[in-house]
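Position 1 is the first residue of the sequence; numbering continues from there. As the structure is a computational prediction, the values presented were derived from the model and not from experiment.
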Amino acid sequence: MSLVRGTKRVHAAQKTVKLISEVCRCTRHQENPKVLDPFAGSWTTLLAARRQGIQAVGVE
């Protein structure tokens with residue numbers, strides 16, 4: 001499931017941490033991986049990146 005549904009939903013376009021973790025893994029081959037989320041919303045991308053030890057910046 002790519003969208004968060006029901007009462008757990010915080011943001012209209014919120015995705016699950018599991019899904020975004022898969023996207024963040026694409027940066028792991030880089031020497032010093034970083035992720036930029038220009039539409040941070042519920043901060044799911046930042047949480048997923050942090051759990052993997054990837055630097056992340058979010059802008060809302």
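Residues satisfying the side chain to side chain contact (heavy atoms under 4.5 Å, CB included) test with Lys34, not counting sequence neighbours, are Asn32, Gln55. When the side chain to side chain donor-acceptor pair (under 3.5 Å) test is applied to Gln30, no partner is found at least two apart in sequence or on another chain.
Hydrophobic cluster membership for Ile54: Val35 (Ile, Leu, Val, Met, Phe, Trp, Tyr linked by side-chain heavy atoms under 4.5 Å, directly or transitively).
Atom OG1 in Thr27 sits 8.0 Å away from atom NE2 in His29 (nearest 0.5 Å).
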Please table the atom pairs, donor to acceptor, closer than 3.5 Å between any side-chain atom in residues 44-53 and protein atoms at least two apart or in another chain.
from, atom 1, to, atom 2, distance (Å)
Thr44, OG1, Ser42, OG, 3.0
Thr45, OG1, Asp37, OD2, 3.2
Gln52, NE2, Ser21, O, 3.0

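Closest approach of Trp43 to Glu60, counting heavy atoms only: CZ2-CB, 4.4 Å.
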